[in-house]
Q: 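Questions regarding the structure given below will be posed in turn.
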Amino acid sequence: MKNSQLYKGSLTTIVMKLLEENGRMYGYEITQKVKEITQGELKITEGALYPALHKLEADGVLEVEVENVDNRLRKYYKLTEKGTTETVNRLAELEDFIRNMQTLVQPKITN
Amino acid sequence: MHPKKLNAEQIEKLYAFTRQHYVEYYDLQTELVDHLANAIEAQWEQNSKRSFEEALQIEFKKFGVFGFMEVVEKRQAALQKKYHKLVWNELKNFFRWPKIIGTLATIGIVFYALKLFQQDVVIVQMAFVVLVVSFFVGIFWLSRKNKKNRQKTGKKWLLKEIIFGYGSITGLMNLPIQVALNVKGENYSDWALLFFSFFIIFMALGEYVVLVLIPSKAETFLKETYPEYNFVN
């Protein structure tokens, strides 16, 4: 189940939701946070996370800050104003999707 | 006990490692270096005896068989999209108040000039040839300037590479070449002439944006995209 195709489409929404909750985060932090929340069930691969972040950044959903931490530069991502609105929409969309899937997957008990 | 951290020398090694694995751009190198460094430090928290090299190999494997390649490719695509947006926004400005007056006036002048000279097909063709030649001269000049600059700083920034010496617009240059080749010395309708005028001015403005306007604002765009641009250059 870990890296199922089903999760792939939701990756950006998951990232946006995390940023909404935590303010700014850096790439490695995001992978760890996802692992922690889902108790290792869902692993965001490095090869998928950065492209997703860069795309969101180019779309104006995320903006970046850079700081010097422990001898190195760290790039933080956070939601832009547009990104915050977008997150609300995407989450609503995802919830709809989940609801629809539930009705599809669980046989309805008809009277 | 303090958690074990990477030292400056090891950070340098990580930069070298990303370069060895085909990550040319400093902006991307930096992000990957921090990622690898965090991951290695996390490994050390579990097992402080593991060597730096060994820990690095374990982390690199997580990127899959293609290594950093996909990350690099997607980053290129994302920044190219951003660049096109920048070009488009600047271009749109010429069709907004108050600049649109100048744009329309120039289109009008070109229209009358074309009407006047349409029998002399060479003159019309020249207009298109000038457009194409100036584009390639401009691109050549910009990329040379960028190369010199890069030799000074030793760093390659992806967006900068796109802005200076860029080729994705080059394909569009085929259009004026085709027009120049197919134009004939005959009487065109006013609508056709108007279309030509619009086309010439649109191309000229596009060139101006790509070759002059955006490069002149490059520092601003680069600082916006790369907050780190300021303190490493």
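Residue numbers begin at 1 in each chain, while the letters A, B, ... track the order of the sequences.
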Q: Salt bridge check: are A:K33 and A:E29 linked by an N-O gap of less than 4.0 Å?
A: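 Looking at A:E29 together with A:K33, the answer is no, because their closest N to O distance does not fall below 4.0 Å.
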Q: What part of B:L28 gets closer than 4.5 Å to chain A, counting heavy atoms only: side chain, backbone, both or neither?
A: side chain
Q: When heavy-atom pairs shorter than 4.5 Å are enumerated against chain A, which of B:H35, B:K74, B:Q10 gives the highest number?
A: B:H35
Q: With distance as the sole criterion, is a donor-acceptor pair present between the side chains of B:N149 and B:K160 under 3.5 Å?
A: yes
Q: Show me, pair by pair, the donor-acceptor contacts under 3.5 angstrom made by side chains of residues 206-213 of chain B, not counting sequence neighbours?
A:
from   : atom 1 : to     : atom 2 : distance (Å)
B:E207 : OE1    : B:S134 : OG     : 3.0

Q: Contact part of B:K62 toward chain A, heavy-atom cut-off under 4.5 Å: side chain, backbone, both or neither?
A: both
Q: Measure distances from A:E57 to the heavy atoms of chain B and classify the residue's part below 4.5 Å as side chain, backbone, both or neither.
A: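 Answer is side chain: those atoms of A:E57 sit under 4.5 Å from chain B.
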Q: Please rank A:K75, A:R74, A:E65 by heavy-atom pairs under 4.5 Å with chain B and give me the top one.
A: A:R74
Q: Testing B:E31, B:E41, B:E228 for salt bridge (charged side-chain N to carboxylate O under 4.0 Å, His left out) with A:R72, which one passes?
A: B:E41
Q: State whether the side chain of B:W157 and the backbone N or O of B:Y26 hold a donor-acceptor pair below 3.5 Å, judged by distance alone.
A: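 Side chain of B:W157 to backbone of B:Y26: no pair is present.
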